[in-house]
Amino acid sequence: RRLEKMNQTSVKRVIKRQFNAIIDEEMKLRRVLAMETNDEHPEALFSGLYTRIEQHLDNINRLQNRIVLLQSITNPE
């Protein structure tokens with residue numbers, strides 16, 4: 001019974017870490033999305049900006065997948 005309690009505590013802590021990382025990534029993404037873009041500039045100029053946006057989205061997706069996987073392993077139903 002004690003081992004089960006420790007595992008649940010660890011699971012909750014890991015999930016909380018993932019949630020905190022998601023919040024951090026979302027704040028970074030919002031800052032990038034808030035950057036002013038000017039349609040007068042060529043599309044190639046924004047390539048780096050788009051890459052940063054995609055990286056933040058990938059990070060959020062990876063963190064969400066970790067939570068789902070951990071929950072499915074610890075609570076198989």
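The chain is numbered in sequence order, starting from 1.
In this view, L70 and V11, V14, I15, T74 satisfy the side-chain contact (heavy atoms from CB on, under 4.5 Å) rule, not counting sequence neighbours. K28 pairs by the side-chain hydrogen bond (donor to acceptor under 3.5 Å, both in side chains) definition with D24, not counting sequence neighbours. Judged as a side-chain contact (heavy atoms from CB on, under 4.5 Å), and not counting sequence neighbours, the contacts of I73 are L69. Every residue two or more places apart in sequence or in another chain that forms a side-chain contact (heavy atoms from CB on, under 4.5 Å) with R62 is listed here: N59, R66. Applying the salt bridge (charged side-chain N to carboxylate O under 4.0 Å, His left out) rule to D58 yields no partners; only residues at least two apart in sequence or on another chain are considered.
How far CG of L29 is from CD1 of I22: 12.5 Å, rounded to the nearest 0.5 Å. Atoms CG and CD, on N61 and E25 in that order, are 11.5 Å from each other to the nearest 0.5 Å. Of the inter-residue distances, the one linking I67 atom CD1 with S72 atom OG reads 12.0 Å to the nearest 0.5 angstrom.
No chain of hydrophobic side-chain contacts below 4.5 Å, direct or via other Ile, Leu, Val, Met, Phe, Trp or Tyr residues, connects M27 to I60. Residues I23 and L33 are members of separate hydrophobic clusters, defined by side-chain heavy-atom contacts under 4.5 angstrom among Ile, Leu, Val, Met, Phe, Trp and Tyr.
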Could you list the donor-acceptor pairs under 3.5 angstrom formed between side-chain atoms of residues 45-52 and any protein atom two or more places apart in sequence or on another chain?
unit_1 : atom_1 : unit_2 : atom_2 : d
Y50    : OH     : E43    : OE2    : 3.3
T51    : OG1    : S47    : O      : 2.9

